[in-house]
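Heads up, the thing below is written out as structure tokens.
Quick note on labels: first sequence line is chain A, next is B, and so on, each numbered from 1. No experiment lies behind these values; they were computed from the predicted model shown.
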Amino acid sequence: MSLRTPELLTTQVTSSQFVLFRDNEVEQQPSSEDVDSLSFWYEWIANAYSNVDELQFMNYGYADFDEHIDNDSNYCSKQLYKEVLAQVSLTNQTVLEVSCGRGAGAVWCVDNYVPDSYVGADLSSGVIDVCRQRHSMKPRLSFVVADATKYLPFANESLDIVICVEATHAYGGPIAVKQFASEVARVLRPNGYFLWCDLCHIDGSDTSIDYLTANGKLIVEEKINITRNVLHALDIQSNTRTQFIERYVRPREQEYFRLFAGLPGTPMYNGMDEGRIQYWRAIFRKKTTTDMSITRVRRLSFPSIPHY
Amino acid sequence: MLTSNILKGVKKGFPLKINAVKIENVSVDYNPDFITRILQRIEYDALRGAVIDLGLNESLPETISETIQQDETFLKTMHKILLEYEIEEGELICPETGRKFPISKGIPNMLLQETEIS
């Protein structure tokens, strides 16, 4: 799920004296410094209702245009992972997923591809705790608490693949994203892949893809605008998500969950629908020392996807 | 898993030393192909050092040859070490700075303070 801009959130919080509840009913007042931080809101959502199956994925989801039925409330979220992975296989690879949230995507990847090892990293120790409780029996899957915008606890060139789904918009701006990109480039082996998707605000700011390639070490192999597929996923999930929020979420939190769920009518949804916000996915390759502009070491076969 | 700090690569500040306060045993299905493959990616000396530091009752040869990598007993020992010991509580220690990273409920916390980042 993705979040409103900090300015809008701050206004909301100061006027309604918002109080947070977690599952164990401990009340917490956010400090004024906290509420300006998207990562704070992300962490709050991530820690609430942590045992609910429908909330194990926290991304918007992806749907092909011929999909219309939402039988399984996590189907579109899994499809988003499938899209981000594109034709890159994780089998026998060492994989890191940054901002893995509650680990549902990690589990899906491990089950479908059988990588050699898959580490899920997240800034929030609370959400990593959820991962551990739910997924500790998966032998190739492990978790670590780390801040990807500062330091990834892996040796240079030690990973085949890094995955990051719908997270960089909450990292705190261009400098943080660039530092994250440096870390990704450092830990990837040459020709390793960085598989990414996220919102890009195009209102007067560069897209995240530019920040991720700023250091020149990650090369864009493929980038695709999937805004309309994400919107379609939000459309077909809107009924089940609305009902879920009305049934399970405490009344005073429902407005926030609606925002995070990107329901039709909310600012994020409208932004995407009206072209002010785009959603892209991309495959980046870690440059080798002998790279030339048109040489590709690993060939990928791309399905034909309409570009907008 | 003990594998979080033993992945091969060019490194400084690795391998992290492990101090364990609480270790649990879990049971994991044995898959010899997987063990053979992941052996290629393990920094064996670091792993052996970790096993000794932790005082695990497993004997590993000083070096591994091509032949021993086919040996069933050796592979089963590797399986046990890599997958069936879970460090629940303890710490990872940087060999250069002595900086300790806590392990709590099986999860290492690698967050750094602002002052530690150059």
What part of B/Asp29 gets within 4.5 angstrom of chain A, counting heavy atoms only: side chain, backbone, both, or neither? neither
Keeping B/Lys100 on the side-chain end and B/Ile93 on the backbone end, is there a donor-acceptor pair under 3.5 Å? no
Closest non-hydrogen atom pair between A/Tyr151 and A/Pro153, with its separation: CE2-CA, 3.7 Å
Answer with side chain, backbone, both or neither: which region of B/Val28 has an atom nearer than 4.5 Å to a non-hydrogen atom of chain A? side chain
Quick test of your reading of the model: are A/Asp111 and A/Lys78 salt-bridged, counting only N-O distances below 4.0 Å? no
Between B/Tyr85 and B/Glu58 the two heavy atoms that sit nearest each other are OH-OE2, 2.7 Å
Atom group of A/Asp129 that falls short of 4.5 Å from chain B, counting heavy atoms: side chain
